[in-house]
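Data first, discussion second: the structure below is written as C-alpha coordinates.
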2 protein chains.
Amino acid sequence: MPGIECCNGVTMAEADAQSRARQLLSAAAGRVTPARLAVLEILLDSATALSHHEIEDAIERRGLDVDRVTLYRVLEWLVERDLAHRIAAEDRVWRFNAADRAHAGEHAHFHCTQCGQIVCLDGPDSAATFALPEGYQPERAEITIHGRCPRCAG
Amino acid sequence: MPGIECCNGVTMAEADAQSRARQLLSAAAGRVTPARLAVLEILLDSATALSHHEIEDAIERRGLDVDRVTLYRVLEWLVERDLAHRIAAEDRVWRFNAADRAHAGEHAHFHCTQCGQIVCLDGPDSAATFALPEGYQPERAEITIHGRCPRCAG
DNA sequence: ACCATCAATGCAATCGAGTTGCATCTTTTA
DNA sequence: TAAAAGATGCAACTCGATTGCATTGATGGT
(Lines give C-alpha, C1' and ligand atoms only; values in the text may rest on other atoms or scores of the structure.)
Protein backbone atom coordinates (compact mmCIF):
# COMPACT_ATOMS: atom_id res chain seq x y z
CA MET A 1 0.00 0.00 0.00
CA PRO A 2 2.41 2.70 -1.24
CA GLY A 3 1.89 6.25 -0.26
CA ILE A 4 -0.50 5.58 2.56
CA GLU A 5 0.52 7.59 5.52
CA CYS A 6 0.90 5.94 8.86
CA CYS A 7 1.10 7.24 12.39
CA ASN A 8 4.25 9.37 12.45
CA GLY A 9 4.14 10.84 9.01
CA VAL A 10 5.98 8.06 7.30
CA THR A 11 4.64 5.91 4.51
CA MET A 12 4.25 2.18 4.89
CA ALA A 13 6.42 1.64 1.81
CA GLU A 14 9.55 2.97 3.44
CA ALA A 15 8.86 1.44 6.79
CA ASP A 16 9.62 -2.22 7.28
CA ALA A 17 9.16 -3.74 10.69
CA GLN A 18 12.70 -2.90 11.67
CA SER A 19 12.76 0.80 11.04
CA ARG A 20 9.17 1.07 12.11
CA ALA A 21 9.99 -0.53 15.42
CA ARG A 22 12.90 1.82 15.96
CA GLN A 23 10.71 4.74 15.12
CA LEU A 24 7.92 3.71 17.43
CA LEU A 25 10.35 3.15 20.26
CA SER A 26 12.09 6.48 20.06
CA ALA A 27 8.73 8.18 19.82
CA ALA A 28 7.70 6.47 23.04
CA ALA A 29 10.08 8.35 25.30
CA GLY A 30 12.06 5.31 26.26
CA ARG A 31 15.46 3.86 25.59
CA VAL A 32 15.94 1.98 22.36
CA THR A 33 17.50 -1.31 23.41
CA PRO A 34 18.17 -4.49 21.42
CA ALA A 35 15.58 -6.40 23.42
CA ARG A 36 12.85 -3.84 22.83
CA LEU A 37 13.69 -3.55 19.17
CA ALA A 38 13.68 -7.29 18.64
CA VAL A 39 10.41 -7.86 20.49
CA LEU A 40 8.57 -5.05 18.76
CA GLU A 41 9.85 -6.14 15.35
CA ILE A 42 8.71 -9.68 16.02
CA LEU A 43 5.27 -8.48 17.06
CA LEU A 44 5.00 -6.21 14.03
CA ASP A 45 5.95 -9.11 11.79
CA SER A 46 3.42 -11.55 13.19
CA ALA A 47 -0.13 -11.91 11.98
CA THR A 48 -1.12 -13.75 15.13
CA ALA A 49 -0.86 -12.92 18.81
CA LEU A 50 2.28 -14.47 20.25
CA SER A 51 2.84 -16.11 23.60
CA HIS A 52 5.86 -15.41 25.73
CA HIS A 53 7.43 -18.67 24.55
CA GLU A 54 6.79 -17.97 20.90
CA ILE A 55 8.46 -14.59 21.23
CA GLU A 56 11.36 -16.16 23.10
CA ASP A 57 11.83 -18.65 20.28
CA ALA A 58 11.65 -15.92 17.65
CA ILE A 59 14.32 -13.97 19.50
CA GLU A 60 16.57 -17.00 19.62
CA ARG A 61 16.05 -17.58 15.92
CA ARG A 62 17.46 -14.11 15.37
CA GLY A 63 20.60 -15.11 17.21
CA LEU A 64 19.79 -12.89 20.15
CA ASP A 65 19.73 -13.91 23.78
CA VAL A 66 17.25 -12.14 26.02
CA ASP A 67 16.54 -13.14 29.58
CA ARG A 68 13.10 -14.51 30.37
CA VAL A 69 12.51 -11.76 32.92
CA THR A 70 13.67 -9.04 30.58
CA LEU A 71 11.21 -10.29 28.02
CA TYR A 72 8.39 -10.05 30.54
CA ARG A 73 9.48 -6.53 31.39
CA VAL A 74 9.83 -5.47 27.77
CA LEU A 75 6.34 -6.72 27.02
CA GLU A 76 4.96 -4.99 30.09
CA TRP A 77 6.67 -1.80 28.99
CA LEU A 78 5.31 -2.03 25.45
CA VAL A 79 1.79 -2.61 26.73
CA GLU A 80 2.02 0.34 29.11
CA ARG A 81 2.93 2.59 26.19
CA ASP A 82 0.22 1.17 23.95
CA LEU A 83 2.77 -0.24 21.55
CA ALA A 84 1.55 -3.75 22.23
CA HIS A 85 -1.70 -5.36 23.19
CA ARG A 86 -2.12 -8.15 25.72
CA ILE A 87 -4.72 -10.89 25.41
CA ALA A 88 -5.73 -13.34 28.11
CA ALA A 89 -6.57 -16.72 26.64
CA GLU A 90 -8.32 -19.67 28.23
CA ASP A 91 -5.04 -21.51 28.71
CA ARG A 92 -4.04 -18.75 31.13
CA VAL A 93 -1.15 -17.66 28.95
CA TRP A 94 -0.77 -14.04 27.91
CA ARG A 95 -0.45 -13.35 24.23
CA PHE A 96 0.75 -10.17 22.62
CA ASN A 97 0.53 -8.38 19.33
CA ALA A 98 1.70 -5.05 18.04
CA ALA A 99 -0.82 -2.39 18.91
CA ASP A 100 -1.46 -1.46 15.31
CA ARG A 101 -3.07 -4.84 14.77
CA ALA A 102 -5.28 -4.30 17.76
CA HIS A 103 -7.60 -1.92 16.04
CA ALA A 104 -8.19 0.83 18.50
CA GLY A 105 -10.85 0.24 21.10
CA GLU A 106 -13.48 -2.42 20.59
CA HIS A 107 -12.32 -5.39 18.65
CA ALA A 108 -12.78 -9.11 18.75
CA HIS A 109 -10.40 -12.05 18.75
CA PHE A 110 -10.53 -15.32 16.95
CA HIS A 111 -9.19 -18.35 18.74
CA CYS A 112 -8.56 -21.57 16.84
CA THR A 113 -9.56 -24.46 19.06
CA GLN A 114 -7.27 -26.77 17.13
CA CYS A 115 -3.92 -25.00 16.75
CA GLY A 116 -4.50 -22.44 19.49
CA GLN A 117 -3.71 -19.44 17.32
CA ILE A 118 -5.26 -16.13 18.20
CA VAL A 119 -5.77 -13.30 15.75
CA CYS A 120 -7.35 -9.89 16.07
CA LEU A 121 -10.51 -9.27 14.11
CA ASP A 122 -12.10 -6.07 13.04
CA GLY A 123 -14.75 -4.92 15.43
CA PRO A 124 -18.27 -6.29 15.36
CA ASP A 125 -20.31 -4.82 12.55
CA SER A 126 -22.86 -3.61 15.00
CA ALA A 127 -22.80 -3.54 18.73
CA ALA A 128 -24.90 -6.43 19.89
CA THR A 129 -27.38 -5.37 22.49
CA PHE A 130 -27.02 -7.28 25.70
CA ALA A 131 -29.65 -7.77 28.30
CA LEU A 132 -27.76 -5.98 31.07
CA PRO A 133 -29.61 -6.08 34.38
CA GLU A 134 -30.52 -2.82 36.08
CA GLY A 135 -27.58 -0.88 37.43
CA TYR A 136 -24.78 -2.48 35.48
CA GLN A 137 -22.63 0.08 33.70
CA PRO A 138 -20.83 -1.34 30.68
CA GLU A 139 -17.47 0.11 29.71
CA ARG A 140 -16.06 -2.23 27.11
CA ALA A 141 -16.93 -5.56 25.59
CA GLU A 142 -14.47 -8.37 25.11
CA ILE A 143 -15.40 -10.81 22.42
CA THR A 144 -13.68 -14.00 21.43
CA ILE A 145 -14.91 -16.23 18.65
CA HIS A 146 -13.80 -19.81 19.07
CA GLY A 147 -13.63 -22.05 16.04
CA ARG A 148 -11.24 -23.29 13.37
CA CYS A 149 -8.77 -21.14 11.50
CA PRO A 150 -8.50 -21.50 7.71
CA ARG A 151 -5.48 -23.75 7.93
CA CYS A 152 -7.03 -26.14 10.47
CA ALA A 153 -10.46 -26.09 8.83
CA GLY A 154 -9.11 -26.96 5.41
CA MET B 1 -28.32 -11.66 50.48
CA PRO B 2 -28.87 -14.03 53.45
CA GLY B 3 -32.45 -15.21 53.58
CA ILE B 4 -34.89 -15.88 56.37
CA GLU B 5 -33.47 -18.00 59.12
CA CYS B 6 -34.57 -21.58 59.39
CA CYS B 7 -34.12 -24.50 61.82
CA ASN B 8 -30.45 -24.74 62.76
CA GLY B 9 -28.97 -21.39 61.94
CA VAL B 10 -29.32 -22.19 58.28
CA THR B 11 -31.09 -19.76 56.01
CA MET B 12 -33.95 -20.70 53.74
CA ALA B 13 -31.82 -20.12 50.71
CA GLU B 14 -29.17 -22.42 52.09
CA ALA B 15 -31.69 -25.09 52.95
CA ASP B 16 -32.95 -24.87 49.40
CA ALA B 17 -29.50 -25.19 47.98
CA GLN B 18 -28.83 -28.11 50.29
CA SER B 19 -31.64 -30.32 49.13
CA ARG B 20 -31.19 -29.16 45.57
CA ALA B 21 -27.50 -30.04 45.65
CA ARG B 22 -28.16 -33.49 47.07
CA GLN B 23 -30.77 -34.06 44.41
CA LEU B 24 -28.53 -32.96 41.56
CA LEU B 25 -25.64 -35.05 42.80
CA SER B 26 -27.53 -38.30 43.12
CA ALA B 27 -29.02 -37.72 39.70
CA ALA B 28 -25.52 -37.35 38.29
CA ALA B 29 -24.49 -40.93 38.84
CA GLY B 30 -21.73 -40.10 41.26
CA ARG B 31 -21.05 -40.48 44.93
CA VAL B 32 -22.61 -37.99 47.25
CA THR B 33 -19.72 -36.84 49.41
CA PRO B 34 -19.50 -33.98 51.90
CA ALA B 35 -17.07 -32.09 49.68
CA ARG B 36 -19.27 -32.32 46.61
CA LEU B 37 -22.36 -31.38 48.56
CA ALA B 38 -20.69 -28.37 50.14
CA VAL B 39 -19.20 -27.08 46.90
CA LEU B 40 -22.40 -27.47 44.91
CA GLU B 41 -24.44 -25.83 47.67
CA ILE B 42 -22.05 -22.92 47.76
CA LEU B 43 -22.22 -22.48 44.01
CA LEU B 44 -26.01 -22.71 44.03
CA ASP B 45 -26.12 -20.05 46.74
CA SER B 46 -23.89 -17.59 44.98
CA ALA B 47 -25.09 -14.99 42.52
CA THR B 48 -21.56 -14.48 41.25
CA ALA B 49 -18.95 -16.81 39.82
CA LEU B 50 -16.58 -17.92 42.57
CA SER B 51 -12.85 -18.46 42.44
CA HIS B 52 -11.16 -21.45 43.97
CA HIS B 53 -10.16 -19.34 46.98
CA GLU B 54 -13.62 -17.94 47.50
CA ILE B 55 -15.05 -21.45 47.52
CA GLU B 56 -12.33 -22.60 49.88
CA ASP B 57 -13.21 -19.78 52.27
CA ALA B 58 -16.91 -20.54 52.04
CA ILE B 59 -16.21 -24.16 52.90
CA GLU B 60 -14.18 -23.14 55.94
CA ARG B 61 -16.96 -20.82 57.05
CA ARG B 62 -19.20 -23.88 57.16
CA GLY B 63 -16.80 -25.57 59.52
CA LEU B 64 -15.70 -28.07 56.92
CA ASP B 65 -12.15 -28.85 55.93
CA VAL B 66 -11.55 -29.85 52.33
CA ASP B 67 -8.13 -30.29 50.81
CA ARG B 68 -7.05 -27.87 48.08
CA VAL B 69 -6.56 -30.71 45.63
CA THR B 70 -9.89 -32.30 46.45
CA LEU B 71 -11.56 -29.00 45.75
CA TYR B 72 -9.90 -28.82 42.34
CA ARG B 73 -11.06 -32.34 41.63
CA VAL B 74 -14.59 -31.73 42.85
CA LEU B 75 -14.87 -28.68 40.62
CA GLU B 76 -13.47 -30.58 37.67
CA TRP B 77 -15.97 -33.35 38.33
CA LEU B 78 -18.90 -30.93 38.55
CA VAL B 79 -17.89 -29.25 35.30
CA GLU B 80 -17.56 -32.58 33.51
CA ARG B 81 -21.11 -33.45 34.52
CA ASP B 82 -22.46 -30.03 33.57
CA LEU B 83 -23.38 -29.25 37.15
CA ALA B 84 -20.98 -26.33 37.16
CA HIS B 85 -19.63 -23.88 34.66
CA ARG B 86 -16.05 -22.68 34.44
CA ILE B 87 -15.06 -19.17 33.38
CA ALA B 88 -11.59 -17.92 32.45
CA ALA B 89 -11.03 -14.37 33.63
CA GLU B 90 -8.29 -11.93 32.76
CA ASP B 91 -6.55 -12.51 36.06
CA ARG B 92 -5.92 -16.07 34.90
CA VAL B 93 -8.01 -17.51 37.70
CA TRP B 94 -10.83 -19.92 37.00
CA ARG B 95 -14.21 -19.04 38.39
CA PHE B 96 -17.18 -21.33 38.78
CA ASN B 97 -20.91 -21.13 39.11
CA ALA B 98 -23.70 -23.63 39.32
CA ALA B 99 -24.71 -24.69 35.85
CA ASP B 100 -28.27 -23.50 36.23
CA ARG B 101 -27.00 -19.92 36.29
CA ALA B 102 -25.04 -20.53 33.13
CA HIS B 103 -27.96 -20.36 30.80
CA ALA B 104 -27.49 -23.13 28.31
CA GLY B 105 -25.23 -22.45 25.36
CA GLU B 106 -24.32 -18.93 24.33
CA HIS B 107 -24.26 -16.48 27.14
CA ALA B 108 -22.22 -13.49 28.19
CA HIS B 109 -20.45 -12.54 31.39
CA PHE B 110 -20.22 -9.25 33.21
CA HIS B 111 -16.95 -8.44 34.92
CA CYS B 112 -16.77 -5.57 37.41
CA THR B 113 -13.46 -3.81 36.92
CA GLN B 114 -13.63 -2.47 40.45
CA CYS B 115 -14.55 -5.37 42.72
CA GLY B 116 -13.67 -8.12 40.25
CA GLN B 117 -17.02 -9.87 40.50
CA ILE B 118 -18.19 -11.91 37.57
CA VAL B 119 -21.82 -12.73 36.87
CA CYS B 120 -23.54 -14.59 34.07
CA LEU B 121 -25.82 -12.59 31.82
CA ASP B 122 -28.59 -13.73 29.59
CA GLY B 123 -27.41 -14.30 26.06
CA PRO B 124 -27.14 -11.52 23.52
CA ASP B 125 -30.51 -10.62 22.10
CA SER B 126 -29.27 -11.46 18.67
CA ALA B 127 -26.04 -12.95 17.49
CA ALA B 128 -23.91 -10.05 16.41
CA THR B 129 -22.44 -10.54 13.00
CA PHE B 130 -18.68 -10.34 13.00
CA ALA B 131 -16.45 -9.52 10.10
CA LEU B 132 -14.79 -12.92 9.96
CA PRO B 133 -12.11 -13.15 7.28
CA GLU B 134 -12.45 -15.78 4.59
CA GLY B 135 -12.02 -19.35 5.78
CA TYR B 136 -12.58 -18.87 9.50
CA GLN B 137 -15.20 -21.24 10.85
CA PRO B 138 -16.85 -19.94 14.01
CA GLU B 139 -18.11 -22.41 16.59
CA ARG B 140 -18.98 -20.37 19.63
CA ALA B 141 -18.62 -16.82 20.83
CA GLU B 142 -17.35 -15.81 24.22
CA ILE B 143 -18.45 -12.41 25.36
CA THR B 144 -17.46 -10.49 28.45
CA ILE B 145 -18.73 -7.04 29.26
CA HIS B 146 -16.36 -5.11 31.48
CA GLY B 147 -17.67 -2.26 33.57
CA ARG B 148 -19.04 -1.46 37.01
CA CYS B 149 -21.51 -3.57 38.92
CA PRO B 150 -24.47 -1.88 40.60
CA ARG B 151 -22.79 -1.85 43.99
CA CYS B 152 -19.54 -0.29 42.72
CA ALA B 153 -21.26 2.12 40.35
CA GLY B 154 -23.53 3.50 43.04
C1' DA C 1 33.82 12.31 21.94
C1' DC C 2 33.40 11.41 26.81
C1' DC C 3 31.36 10.73 31.03
C1' DA C 4 27.90 10.51 34.66
C1' DT C 5 23.33 9.15 35.46
C1' DC C 6 19.65 6.35 35.79
C1' DA C 7 16.92 3.21 33.23
C1' DA C 8 17.34 -1.53 31.53
C1' DT C 9 19.19 -6.05 32.12
C1' DG C 10 20.59 -10.67 34.06
C1' DC C 11 20.41 -13.82 37.69
C1' DA C 12 18.53 -16.22 41.50
C1' DA C 13 14.96 -16.78 44.34
C1' DT C 14 10.09 -16.68 44.91
C1' DC C 15 5.00 -16.75 44.19
C1' DG C 16 0.70 -18.78 43.08
C1' DA C 17 -2.50 -21.48 40.34
C1' DG C 18 -3.04 -25.76 39.05
C1' DT C 19 -1.55 -30.92 38.53
C1' DT C 20 0.16 -35.71 39.50
C1' DG C 21 1.28 -40.04 42.04
C1' DC C 22 0.22 -42.79 45.53
C1' DA C 23 -1.36 -44.55 49.89
C1' DT C 24 -5.52 -44.33 52.62
C1' DC C 25 -10.24 -43.84 53.59
C1' DT C 26 -15.44 -43.81 52.37
C1' DT C 27 -19.58 -44.53 49.62
C1' DT C 28 -22.00 -47.73 47.37
C1' DT C 29 -23.91 -52.35 45.96
C1' DA C 30 -24.42 -56.84 46.21
C1' DT D 1 -21.69 -56.21 56.28
C1' DA D 2 -17.82 -56.84 53.41
C1' DA D 3 -15.69 -56.19 48.85
C1' DA D 4 -14.89 -53.09 45.14
C1' DA D 5 -15.03 -48.82 42.96
C1' DG D 6 -14.25 -44.43 43.73
C1' DA D 7 -12.97 -40.18 46.49
C1' DT D 8 -9.73 -37.98 49.50
C1' DG D 9 -5.36 -36.18 51.63
C1' DC D 10 -0.64 -35.40 51.41
C1' DA D 11 3.65 -34.30 49.32
C1' DA D 12 5.98 -33.17 45.58
C1' DC D 13 5.91 -31.00 41.30
C1' DT D 14 4.98 -28.05 36.88
C1' DC D 15 4.83 -23.78 34.84
C1' DG D 16 3.75 -18.96 33.96
C1' DA D 17 4.77 -14.93 36.00
C1' DT D 18 7.00 -11.69 39.56
C1' DT D 19 10.46 -9.55 42.77
C1' DG D 20 15.01 -7.96 44.73
C1' DC D 21 19.32 -6.68 43.82
C1' DA D 22 23.73 -6.11 41.76
C1' DT D 23 25.53 -4.96 37.18
C1' DT D 24 25.42 -3.11 32.57
C1' DG D 25 24.58 0.08 28.99
C1' DA D 26 21.80 3.96 26.40
C1' DT D 27 21.43 8.70 26.55
C1' DG D 28 21.79 13.79 27.44
C1' DG D 29 24.92 17.39 28.88
C1' DT D 30 29.32 19.08 28.47
Side-chain angles (χ1 to χ4, degrees), chain A residues 21-42 49-60 62-81 83-96 116 118, chain B residues 21-42 49-60 62-81 83-96 116 118:
Chain A
R22 191 177 295 272
Q23 194 177 19
L24 287 168
L25 282 185
S26 43
R31 294 187 182 173
V32 179
T33 68
R36 286 178 183 174
L37 269 173
V39 172
L40 188 48
E41 282 170 30
I42 287 163
L50 300 177
S51 68
H52 185 100
H53 278 307
E54 289 169 327
I55 299 171
E56 221 170 357
D57 291 348
I59 289 174
E60 247 174 63
R62 296 188 175 211
L64 286 176
D65 185 33
V66 174
D67 189 76
R68 245 161 45 82
V69 178
T70 300
L71 177 50
Y72 277 114
R73 289 196 269 231
V74 164
L75 288 167
E76 187 186 7
W77 186 90
L78 290 173
V79 170
E80 272 170 11
R81 273 145 191 89
L83 290 171
H85 177 223
R86 197 179 64 160
I87 305 167
E90 288 200 355
D91 59 1
R92 306 182 316 111
V93 171
W94 294 116
R95 281 177 179 75
F96 301 85
I118 295 178
Chain B
R22 193 175 293 273
Q23 196 176 10
L24 286 168
L25 282 185
S26 42
R31 293 189 184 172
V32 179
T33 68
R36 286 180 183 172
L37 269 173
V39 173
L40 189 49
E41 282 171 27
I42 288 162
L50 300 177
S51 68
H52 186 101
H53 278 308
E54 289 169 324
I55 298 171
E56 222 170 356
D57 291 348
I59 289 174
E60 247 175 62
R62 297 188 174 209
L64 285 176
D65 185 34
V66 174
D67 188 75
R68 244 164 43 84
V69 177
T70 300
L71 178 49
Y72 277 113
R73 289 197 268 230
V74 164
L75 288 167
E76 187 186 6
W77 187 90
L78 290 172
V79 169
E80 272 170 11
R81 271 144 192 90
L83 291 171
H85 177 225
R86 197 178 65 158
I87 305 166
E90 287 200 356
D91 59 1
R92 307 181 317 112
V93 170
W94 293 115
R95 282 178 177 75
F96 300 84
I118 295 178

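Backbone-only engagement by Val93(A) is indicated by non-hydrogen atom pairs under 4.0 Å involving sugar-phosphate atoms exclusively. Nucleic acid contact class of Asp91(B) (heavy atoms, under 4.0 Å, all strands): none.
As a whole-Å value, the separation of Glu56(B) CD from dG16(C) C1' is 12 Å. Nucleotide dA17(C) holds its P atom 19 Å from the CD atom of Glu90(A), rounded to whole Å. Atom pair Ile55(B):CD1 and dA17(C):P shows a separation of 13 Å (rounding to whole Å applied). Here dA17(C) presents its P atom at 16 Å from CZ of Arg86(B), a figure rounded to the nearest Å. Atom CG in Leu64(A) sits about 12 Å away from atom P in dT9(C), given to the nearest Å. For the pair Arg95(B) CZ and dG18(C) P, the interatomic distance rounds to 9 Å; values are reported in whole Å.
Rounding to the nearest 0.5 angstrom, the gap separating the CG atom in Leu40(A) from the CZ atom in Arg81(A) is 12.5 Å. Remark: Ser51(A) OG to Asp57(A) CG distance equals 8.0 Å, nearest 0.5 Å. Note that CZ of Arg36(A) is 13.5 Å distant from CZ of Arg22(A), once rounded to the nearest 0.5 Å. Note that the CD atom of Glu56(A) and the CG atom of Leu64(A) stand 12.5 Å from one another [nearest 0.5 Å]. Interatomic distance, Arg73(A) CZ to Leu78(A) CG, rounded to the nearest 0.5 Å: 14.0 Å.
Contact check of residues 70-78 of chain B against DNA chain C (heavy atom, cut-off under 4.0 Å) returns Tyr72(B), Arg73(B).
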Walk me through it: do Leu25(A) and Trp77(A) pass the test side-chain contact (heavy atoms from CB on, under 4.5 Å)?
CA-CA 11 Å; Leu25(A) 282 185; Trp77(A) 186 90; 3.6 Å; yes

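Between the side chain of Arg92(B) and the base of dG16(D), no donor-acceptor pair under 3.5 Å is found. For Arg31(A) against dA7(C), a side-chain-to-base donor-acceptor contact under 3.5 Å is present.
Taking only side-chain nitrogens and oxygens, His53(B) comes nearer than 4.0 Å to OP1 or OP2 of dA17(C). Listed pair Trp94(A) / dG16(D) fails the phosphate criterion, with no side-chain N or O lying under 4.0 Å from OP1 or OP2. Residue Thr33(B) has no polar side-chain atom (N or O) positioned under 4.0 Å from OP1 or OP2 of dG6(D).
Of the listed nucleotides (dT9(C), dA17(D), dA12(C)), dA17(D) has the atom at the smallest distance from the side chain of His52(A).
Of the possible donor and acceptor atoms, none in the side chain of Arg95(B) sits under 3.5 Å from a partner among the backbone N and O of Ile87(B).
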